[in-house]
Amino acid sequence: MLTSLQNPLVKQIRKLHSTKERHKQELFLLEGTHLLEEACAVNYPLETVCCTPDWQATHPSLWEEACRRCDRAEIVSKEVLDAIATTVQPDGVVATAKRSDGQTQVPFTGLVLALETVQDPGNLGTMIRTAAAAGASGLWLSGDSVDLDNPKVLRASAGQWFRLATAVTEDLKATVQQSQQAGMQVIATLPNASLTYWQVDWRKPSLILLGNEGAGLSADLAAMADKQVRIPLSPGVESLNVAIAAALMLYEAQRQMSQ
């Protein structure tokens, strides 16, 4: 059992708390039983799995499955587990996995989110979770956004990170053009648009453009949209959380398609 915080593996995993180190090591953190279950359910390749003796005793089947899927498995003390986790009260297991090579294919069909410069990991994770729940085809993320594999993004996605097609694009304008060429309608959300979001025919393949939490959608991207829509707000309310805005449109699309 690993008990020393000076152990090389422990030091290596602790470094993954930083974005720079995740990029350098080409690894990311998977924390908690639920995320590990979801990773195993979709055969996501694991590098290292660390758990406490108590966790191993209460999750013998998941431990065995994780061991089969990883390169290295270690029983660690609670102190070590607390040190390698980013959460305040980890539930007893932390794993590492290879970062995506960016080759995930987001289809240019169905319902797709395209996010520009989203910075809050909680927002991104919530949008991944909601898009999966609403039956969306996938999600594009601009390269200047928060990392897709930020630990908070994975936790906020409640495991749907492994089930929704997601990809980072370094040229969101080009991705928007590709979607239009593939026959998708591009819908931008703007506070001063004349159309409300429920006036759109969401039964058509649609790409939903959403912008930064503070600045909103850039003028260049907004101008590329086939339709611009607004979400009505009561007087005195300036804006809506971007994840809530995404949820409203995703579920309006689902409502229309189910009729």
Side-chain angles (χ1 to χ4, degrees), residues 19 86-88 110-148 150-158 160-161 164 166 168-169 172-173 175-176 179-180 184-259:
T19 301
T86 64
T87 49
V88 177
L111 195 60
V112 177
L113 292 180
L115 310 178
E116 181 188 28
T117 324
V118 169
Q119 297 300 309
D120 185 273
N123 281 337
L124 177 55
T126 299
M127 285 188 278
I128 290 171
R129 181 180 185 178
T130 307
S137 303
L139 178 149
W140 288 102
L141 186 68
S142 67
D144 56 355
S145 297
V146 62
D147 276 349
L148 259 176
N150 180 295
K152 291 181 181 177
V153 171
L154 273 95
R155 292 201 301 275
S157 79
Q160 296 309 310
W161 190 94
L164 183 75
T166 57
V168 175
T169 172
L172 191 52
K173 290 181 187 176
T175 302
V176 170
S179 71
Q180 288 170 320
M184 299 186 81
Q185 63 175 350
V186 176
I187 311 296
T189 48
L190 292 173
N192 57 353
S194 56
L195 285 177
T196 56
Y197 72 93
W198 58 75
Q199 291 175 300
V200 170
D201 183 357
W202 291 105
R203 293 168 295 183
K204 299 176 182 178
S206 303
L207 183 79
I208 302 172
L209 285 175
L210 291 160
N212 172 266
E213 289 91 344
L217 199 59
S218 66
D220 287 351
L221 270 176
M224 294 179 71
D226 301 301
K227 289 186 173 68
Q228 297 179 347
V229 301
R230 63 184 170 84
I231 297 171
L233 301 173
S234 294
V237 180
E238 289 185 6
S239 63
L240 204 59
N241 174 275
V242 65
I244 298 297
L248 287 169
M249 287 181 287
L250 287 166
Y251 273 93
E252 172 60 18
Q254 190 192 67
R255 185 192 69 80
Q256 289 187 18
M257 287 186 280
S258 66
Q259 286 184 332

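Asn150 contributes atom CG, which lies 7.0 Å from atom NZ of Lys152 (distance to the nearest 0.5 angstrom). Atoms CG and CE, on Leu209 and Met249 in that order, are 9.5 Å from each other to the nearest 0.5 Å. The distance from the NZ atom of Lys227 to the CD1 atom of Ile208 is 13.0 Å, given to the nearest 0.5 Å. The CG atom of Asp144 sits 7.0 Å away from atom CD of Gln119, with the distance rounded to the nearest 0.5 Å. Note that the CD atom of Gln185 and the CH2 atom of Trp202 stand 7.0 Å from one another [nearest 0.5 Å]. Here Ser179 contributes atom OG and Asp226 contributes atom CG; the two are 8.0 Å apart, rounded to the nearest 0.5 Å.
Residues Leu217 and Leu210 form no side-chain contact, since every pair of their non-hydrogen atoms from C-beta on lies 4.5 Å or further apart. At least one side-chain heavy atom of Leu221 sits under 4.5 Å from a side-chain heavy atom of Val176. Using a 4.5 Å heavy-atom threshold, the side chains of Asp220 and Lys173 count as touching. Between Ile187 and Leu207, every side-chain heavy-atom pair lies at or beyond the 4.5 Å cut-off.
Remark: Arg155 pairs with Glu31 by the salt bridge (charged side-chain N to carboxylate O under 4.0 Å, His left out) rule, at least two apart or across chains. Checked against side chain to side chain contact (heavy atoms under 4.5 Å, CB included), Val88 has no partners two or more places apart in sequence or in another chain. Qualifying side chain to side chain contact (heavy atoms under 4.5 Å, CB included) partners for Gln199, counting only residues two or more places apart in sequence or in other chains: Leu195, Thr196.
Pairs passing the salt bridge (charged side-chain N to carboxylate O under 4.0 Å, His left out) check and including a residue from residues 238-259, sequence neighbours excluded, read Glu252-Arg255. Legend: ring-ring contact (aromatic ring centres under 6.0 Å, His included) pairs involving residues 217-252, not counting sequence neighbours: none detected.
Considering all non-hydrogen atoms of both residues, Leu172 and Ser142 come closest at CD2-CB, 4.2 Å. Closest non-hydrogen pair, Ala156 versus Pro121, comes out as CB-O, 4.3 Å. Closest approach of Ser206 to Met184, counting heavy atoms only: O-CE, 3.2 Å. Nearest heavy-atom pair, Ala193 versus Val229, reported as atom, atom and distance to 0.1 Å: CB-C, 3.5 Å. Asn212 and Thr117 make their closest contact through ND2-O, 2.8 Å (heavy atoms, listed as atom of the first residue, atom of the second, distance). Nearest heavy atoms, Thr19 versus Asp147: CG2-OD2, 3.1 Å.
Side-chain atoms of Gln256 come within 3.5 Å of backbone N or O of Val200 as a donor-acceptor pair. In terms of modelled atom types and a separation under 3.5 Å, the side chain of Ser258 and the main chain of Gln254 share a donor-acceptor contact. Under the 3.5 Å distance criterion, the side-chain polar atoms of Trp161 are matched with a main-chain donor or acceptor of Leu148.
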N/O donor-acceptor pairs under 3.5 Å from side chains in residues 123-132, not counting sequence neighbours:
residue, atom, partner, partner atom, Å
Asn123, OD1, Asn241, ND2, 3.0
Asn123, ND2, Glu213, OE2, 3.1
Thr126, OG1, Gly122, O, 2.8
Thr130, OG1, Thr126, O, 2.7

Open item on the list: Checking Val168 against Trp140 for the side chain to side chain contact (heavy atoms under 4.5 Å, CB included) test, could you report, in this order, the C-alpha distance in whole Å, the side-chain angles of both residues, the deciding distance, and whether it holds?
Closed with: CA-CA 6 Å; Val168 175; Trp140 288 102; over 6 Å; no
- [ ] Would you check, one step at a time, whether the test side chain to side chain contact (heavy atoms under 4.5 Å, CB included) holds for Ile231 with Leu248?
- [x] CA-CA 9 Å; Ile231 297 171; Leu248 287 169; 3.8 Å; yes
